[in-house]
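Structure first, then comments.
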There are 2 protein chains.
Amino acid sequence: MKKRITMKEIARLANVSQATVSRVINGNPDVNEELAARVLKVIEEVGYVPNQTAQTLKRNQSKLIGVSVSEMYNPYFVELVDHLEDKARKLGYNIILHNSKHNPILEWENIQNFLTRQIDGCVIVPTGSYNLERLSKLPIPVVSITQTVSSLDSVAIDHMKAGKLAAASFIKAGHTSFAYIGKSDDEKYLGFASVLYEHQLPVSDVRVFELEQTSNDNFLVRQGIERHFRQFETFPFTCVFTENDIVALECIKLIEERGLKVPEDISVIGFDDTYLSKIMGISSIHQPIEDMVSTSLELLINRIEEKLSPDIVSIQLEPTLMTRKSSNHRRI
Amino acid sequence: MKKRITMKEIARLANVSQATVSRVINGNPDVNEELAARVLKVIEEVGYVPNQTAQTLKRNQSKLIGVSVSEMYNPYFVELVDHLEDKARKLGYNIILHNSKHNPILEWENIQNFLTRQIDGCVIVPTGSYNLERLSKLPIPVVSITQTVSSLDSVAIDHMKAGKLAAASFIKAGHTSFAYIGKSDDEKYLGFASVLYEHQLPVSDVRVFELEQTSNDNFLVRQGIERHFRQFETFPFTCVFTENDIVALECIKLIEERGLKVPEDISVIGFDDTYLSKIMGISSIHQPIEDMVSTSLELLINRIEEKLSPDIVSIQLEPTLMTRKSSNHRRI
DNA sequence: CTGTTAGCGCTTTCAC
DNA sequence: GTGAAAGCGCTAACAG
């Protein structure tokens, strides 16, 4: 490797001390203008860039943020990463990205790697609860994004509220028989069910379909839904709320392959409001990604700079329902 | 910030010298077993992780690879990033990600930032030719991925061949009138046209539709295609080859909104073979992403380790056509 | 086999 | 205002 130019070299060329070069670079105001100009000129000429590694070592801050997401198949997480990168850069930080692939072991390895890299803080989409305990004991701040967890600072939407929005929308459109595809212990579903309950609708009749795969592999998602749907000659529900947009899309395709129409026969509402739902005209619960990212980063950086009381901060943002073709139909 | 534990501290606790701790960590075989065990025990107990920043400074290698992609909307690039991260990690490297958003200025800023971070090498999806010159003069190796460029090492598919595959497939299915949506100076199109020419089909009649946006915003893609399509009462072509899957998808939607059927009336072949085409049953040119990523990384790392002759390496991989519903129809 | 020492590139007192 | 010097955490000769 060609040797990179160092500050020492700049100092030699500009005929000043290394300390002065450092001062110029860091914008120290009380450097003689002429000297500063000379240094800047040399820097420009040789295309010197400071060695941030050395700065990190000396300053004991890397300006690096670890980002761990649980997957990249769902476009929702991609948008998250993209905004995190962009916003972090604007705040003077870089991100170092890891995909934990829903694997807690890999997640923990990644965290260790982050530590090794001297990251200043970490934004994480947790794989589950497996590492939360250790995560909260890390010597650096950690913010959980998209999931509210009790042991960490977190920024997420109000999932309960999201479920309520979907249910309310279905009820308003005249639906009386419901299905939900996703985990039954998810707050989305609790919110969904609670609204039905409030309207004295038979919550116990809601068809809840649990899937092993809800992303990663569309074929498996499809198979999972199909397995559940196969048990019905005719569907005992007129609307479906799904855990994410990928599931919603596969669900709609399966319904249409039966010769039924969406939304006329069955309405569908997805989750995440990714471009998948936008392209395909699928109604979906919108998560304000940019807000979530800005909020997370602000929170994290405040923690890094130790400006906050030690209490855990838990921020919940408002979901909104984007109604599109797939649920734009009134029953009876 | 809580003070992180250092090697010195481990040395003190294990009652050995710092150098010995270093030897143990780096797996130096000739350390007394008993000592090694003692050191390992302390490391385990206090949860010590080495400071890679210091290692970087000392060893003059960061084990960091810069990755710059031109966008994240097209799922193709996401897959690329995901595999790069995964594969790099397995090779002992981490990636630092930047999105240049098709902006050469931002791209160059990102590169400078990479340099600052002491990356060992860089994998880039160039925004265009704007920075290629400077890129080739960097003190670290750079590999262009997905695009073959003359001034840098590169790994890409044979775009010419890809265009040929699409054309050959259309011709075999009996098509005689063609359209292409994408840049006309793209090798894809050159390959496409060359096959028509070989078959004595009227190349000059091929409808070439250039788009300003081919990703980023589906609505704009849609509008772009629509603007071109609007000029026809009936389409003067029976098949369309598109620059990427997003364009293919929007194209199909617009055709179907006209009451035409895909593939019966018009066949469509996309590009990239992303999950979009898989979900939607769109025929597409497959790029062997994993191969491309492995090859790029191998090449890059060989460069980093200076095991290669200085000649520019240009690797072209084979594209394949994945035939799905959107082009699965034989004319007459 | 193990400890001592120099120094990676930078920032930051501390003198002058 | 500027330079000299110490030291961030680690590795790698060099001695012993």
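Chain letters run A, B, ... following the sequence lines, proteins first and then strands; every chain starts at 1.
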Working for salt bridge (charged side-chain N to carboxylate O under 4.0 Å, His left out), residues A:R12 and A:E9: CA-CA 5 Å; A:R12 197 180 58 75; A:E9 181 71 2; 2.9 Å; yes
CA sep, side-chain torsions, deciding dist, call: B:I157, B:Q316, side chain to side chain contact (heavy atoms under 4.5 Å, CB included): CA-CA 5 Å; B:I157 59 160; B:Q316 295 220 324; over 6 Å; no
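The NZ-C1' distance, from A:K63 to C:dC10, rounds to 16 Å in whole Å. Taking atom CD1 of A:I25 as the reference point, atom P of C:dG9 lies 14 Å away to the nearest angstrom. Regarding B:R117, its CZ atom lies at a distance of 18 Å from the P atom of C:dG9, rounded to whole Å. To the nearest angstrom, P of C:dT12 lies 12 Å from CG of A:N60.
Where A:R23 and A:Q52 each meet DNA chain C at their nearest nucleotide, the meeting point lying more 5' is that of A:Q52. Nucleotides of DNA chain C nearest to B:R59 and A:Q55 differ in position, and the one nearer the 5' end is that of B:R59. Residue-to-nucleotide proximity on DNA chain D shows that, of B:I5 and A:Q18, the 5′-proximal contact is made by A:Q18.
Between A:I289 and A:Y76 there is a side-chain heavy-atom pair separated by less than 4.5 Å. Contact check for B:L135 versus B:L152: side-chain heavy atoms found under the 4.5 Å cut-off. Side chains of B:I65 and B:D120 form no contact here, defined as non-hydrogen atoms less than 4.5 Å apart. Residues A:I140 and A:L115 have side chains in contact (heavy-atom distance under 4.5 Å, counting atoms from C-beta outward).
Set against C:dG3, C:dC10, C:dG7, the side chain of B:T20 has C:dG3 as its closest nucleotide. Looking at the side chain of A:A19, the nearest of the listed nucleotides C:dC10, C:dT4, C:dT12 is C:dT12.
Axis angle across the helix from C:dC1-D:dG16 to C:dC16-D:dG1, with five pairs used at each end and values rounded to 10°: 50°.
Between A:E107 and A:S68, the shortest heavy-atom distance links the atoms CG-OG, 4.5 Å.
With hydrogens and angles ignored, no donor-acceptor pair closer than 3.5 Å exists between the side chain of A:K58 and the base of C:dG9.
Side chains of B:E71 and B:N99: no donor on one and acceptor on the other come within 3.5 Å. At a cut-off of 3.5 Å, with distance as the only test, a side-chain donor of A:R117 or B:N94 sits close to an acceptor on the other residue.
Here chain B contacts DNA chain D (any atom closer than 4.0 Å to a heavy atom, that is under 4.0 Å), and the contacts span D:dG9 to D:dA13 from 5' to 3'.
When the side-chain nitrogen and oxygen atoms of A:S22 are compared with OP1 and OP2 of C:dC10, none of them lie within a distance under 4.0 Å. Taking side-chain N and O atoms only, B:S17 has a distance below 4.0 Å to OP1 or OP2 of C:dG3.
The structure places NZ of B:K63 at 14.0 Å from CD1 of B:I119, a figure rounded to the nearest 0.5 Å.
The closest donor-acceptor contact from the side chain of A:T56 to the backbone of A:Q52 lies under 3.5 Å.
Residues from residues 28-48 of chain B placing a heavy atom under 4.0 Å of any atom in DNA chain D, listed by number, are B:Y48.
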